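All values derive from a computational prediction rather than experimental measurement.
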Amino acid sequence: MKDTAAQNTLELLVHGVGGTTPEEMLDDPRTVRVTGDDTAAVFRRIDDVDAEERPAAEHGEAPVPEAYVWCNLTSGNGSRALWLLLLPFMVVNLAHWMRPTSEGRRLRTVRLYGLLVRLAGLSLTVLLVAAACEVALDLAAWQCAGTPACAERHTWLGFLSPSGSGDGWWSEPGRRLALAALVPSALTGLLWYLSHRTWSAYESQPPPPGSDGEGAGADGEGGETYHSALGRPGFWYGRRLVARLRAAHTAAAFLTVAAAVGTAAAREDRRPGGPALLDALAPLFTLAYVAGALVVVWVVCRRGRTENRLDHELDRALVRRLPVGSLVLLALSLVYACCSRPEWRSAGRLPGDRVFGALTLTQCLLVVALAVVAHVLHRTRPHPRAALRGLAGPAVAMLACALGGVMSGGVAQRVSDWLDGTRRTLPGPPVLLTWQASVIPPLLLLLLVVVALLARRTLRVRRAEAAEVEREHPAEPADAARTRRIATARAMAGLTDLAPRVLGIVAVATLLLGAASLLGAELTEEVPGDAAEGAPAALQGAADTTQACGSWLIGVGFLLFVTWGRRAYKDPSARRTIGILWDVGTFWPRAAHPFAPPCYAERAVPDLTWRMATWTRATGGRLVLSGHSQGSVLAAAAAWQLEPSARRRVALLTYGSPLERLYGRWFPAHFGPAALSALHREVDCWRNLYRLTDPIGGPVRLPGDCGPEVDRAPLKDPLAYGRTALHPLPAPILGHSDYQADPAFAEERRLLLARLRPEVPGPRPIEEGPRPVGKTPSALRRGPVEEGDDPPQAPGSSGRSSG
């Protein structure tokens, strides 16, 4: 007798950005969690809990719905608002995944791309810690505590200030610096702890046992098959690389603090008349800092990601000894700085303020080199819809460096103003930070011009869309206001496709203005207002205006940043808004920066893969994977992780999906035409729904035989132009939401169920225990693949059912 459980059909719903409740997803107030925890779980209606044990006739052709709720991975408790401070790290990590598609012969170029992004990420860590050193060591301990008038205004610095007799133990500059160094050291420890804890909480989920890593194929030239990188067993399990990068970045941060303290003391000891022992120690410490920096750079350059196998191995000696060694060097540097130097006085700025100029120059050179590499990769296999013709990664890396510079400069400027007030008795932060603040007003003026051009284009498109709306409803009574609202929604939705141009303009302007500020600071060694003295009145006025406005804008921006963070910490609705930002920005694993916010997909994708694999193995049934918005991206990634036999029992239904419109354009190496064609072939069938009023979702633009093509014609939005018997009140313009309310959703789901083959394999026992780590057949056959390896080629058919 045929097993009735084999006839069961499951619909696994995956929500999009912002999250929702299981009750809303399942349209039933009575739901129960069937698996998972408080962070991410699968829910069912209470009536469907035992659906597998009941005959299929009891629930007919309708699938059993399940809801995977993952919103707490990004918008849970209030501490997530603090992740705003890690924004530059998240942005540079995105640049790693934006590399263009390339041919297999460009493997070294691909690795070079990843290396340059990792070095840019390392520079951001050094910049953050250098900014903390600037605030704690230079502005507070060196300048303010060394100036009696400033120390008197801030009594909490009184014990650090030189007394009248000069016999206060903490009054010597080296000891003040050593004490202040605890602040950036504590910041480094916090970053290390957060990176380690969030990896354990979010990213430590291995794929299901028995995953063979055979990703979906994509027809290449000559009939070869390219495997999808997202289907590799180790893609969503980057433990080894994250641990290595965490050790390297932690060591770099500790070395930055040690160098800030030690080089200041060494510079004093090199003056004539100092103690001979300290004079001998000065070059030794300098050599130790250089050697430590070289080791850190070597570790960052040495190894990328390993994706073709689960890499459970850790470089334990490196992961433990490198941070500990740098911490020991920091402790020795603090002891060295605390040695008595009675003649040492703090004056001017702390030596070493040129570090910011060196970091800015390094970041500009890295971005330029990254652009050259990206252009070479894009030229070998051009993707016509790739954002900025393959240069999106360098542009985003430039944006990350700019964000890091603005945040660092903003903190330094605000602390300097707070300590000094309006008296101007302190030298203040490095000159370069003031120059960088002064270029913000010109950049904002450029943005205003871009916004004006976009507004003009939107008005022009709205007029064209208004005529199209009228043609679509010839029998309806004309309603100018209704037509205008629909046309405006369509025109505004189209602005998403112009985002690459805006980013390109901002990135180029930021690079040029940053280079100009670096050049101005180095040539004049004065702030813009002072450097322009003696110039024509117009130039003098422009310099003074930009300097004042830049400082004011940085202050306002910094206050808004802090205020938004505090509001999000207390307000769940604001916290959900910030969570939406992380839904998009933290989908990718931490491959370039270990202190970036955690990758929720390293928890969500294994969750979905486990659920689908265990259900299909246990029941042999059919499965409709239904994903909205970002949920469609998670659904695609999970489908790639399935074994081919399970993938052929899956029908994919996406709606409001950014798979091609955003991910395909911005991340062509992983969601380009070849990868999406692979997904189409390997799943049993796929349908995609979208609206012209949706600013996020769009067509997949792939041919297929699930109906005439993957994409259904754009859904009507609104469902009714005027008042009708079915819609007696004006129908809303839905845009990106409520796709399931459209009758087309139920129709497409029914067609998908009808298309799924009835001759599915029978259930088989679930494997007990995982295979040996790293011993899957594909891994043994191909060997390890480092970061950025193009998928190997293999002959064979796609395995798509004929329907």
Please check this pair: side chain of [X] against backbone of [Y], looking for a donor-acceptor N/O pair closer than 3.5 Å.
| X | Y | value |
| --- | --- | --- |
| R622 | L753 | yes |
| R647 | A639 | yes |
| D711 | V700 | yes |
| D28 | P22 | no |
| R661 | G697 | yes |
| R681 | L676 | no |
| D607 | A41 | no |

Side-chain contact, heavy-atom cut-off 4.5 Å: [X] with [Y]?
| X | Y | answer |
| --- | --- | --- |
| L662 | F671 | no |
| R246 | T250 | yes |
| F667 | L94 | yes |
| E643 | R617 | yes |
| D684 | R648 | no |
| T39 | L73 | yes |
| V605 | W640 | no |
| H736 | H628 | yes |

According to salt bridge (charged side-chain N to carboxylate O under 4.0 Å, His left out), who are the partners of R691, at least two apart in sequence or on a separate chain? none
For R611, the salt bridge (charged side-chain N to carboxylate O under 4.0 Å, His left out) test, sequence neighbours excluded, returns E66
side-chain contact (heavy atoms from CB on, under 4.5 Å) partners for [X], two or more places apart:
| X | result |
| --- | --- |
| D38 | R33 |
| P668 | T101, H383, A386 |
| I46 | R30, V32 |
| A651 | V624, C685, L752, L756 |

ring-ring contact (aromatic ring centres under 6.0 Å, His included) against [X], all qualifying residues, sequence neighbours excluded:
| X | answer |
| --- | --- |
| W97 | F235, W588, H670 |
| F745 | Y655 |
| F89 | H593 |

Should E660 and Y690 be marked as a side-chain hydrogen bond (donor to acceptor under 3.5 Å, both in side chains) after you check the CA-CA gap, both sets of side-chain angles, and the distance that decides it? CA-CA 12 Å; E660 195 281 335; Y690 69 99; over 6 Å; no
Taking distance alone, no hydrogens or angles, what donor-acceptor pairs closer than 3.5 Å link side-chain atoms of residues 10-18 to residues at least two apart or in another chain?
from : atom 1 : to   : atom 2 : distance (Å)
E11  : OE1    : R749 : NH1    : 2.7
E11  : OE2    : R749 : NH1    : 3.4
H15  : NE2    : W70  : N      : 3.0
H15  : NE2    : C71  : N      : 3.4

Derivation of the side chain to side chain contact (heavy atoms under 4.5 Å, CB included) call for T654 and W686: CA-CA 8 Å; T654 56; W686 180 10; 3.1 Å; yes
Answer yes or no: are there more than 12 heavy-atom neighbours, outside D27 itself, under 6.0 Å from its atom CG? no
Pairs involving residues 627-639, ordered by first then second residue, that meet salt bridge (charged side-chain N to carboxylate O under 4.0 Å, His left out) (sequence neighbours left out): none
Once you round to the nearest 0.5 Å, how far does CZ of R701 lie from CG of L659? 12.5 Å
Can you name the residues that form a side-chain hydrogen bond (donor to acceptor under 3.5 Å, both in side chains) with Q740, not counting sequence neighbours? none
Suppose we call two aromatic rings close when their centres sit under 6.0 Å apart. Are Y68 and W610 close by that rule? no
Carboxylate-amine/guanidinium contact D37 R603, below 4.0 Å: yes
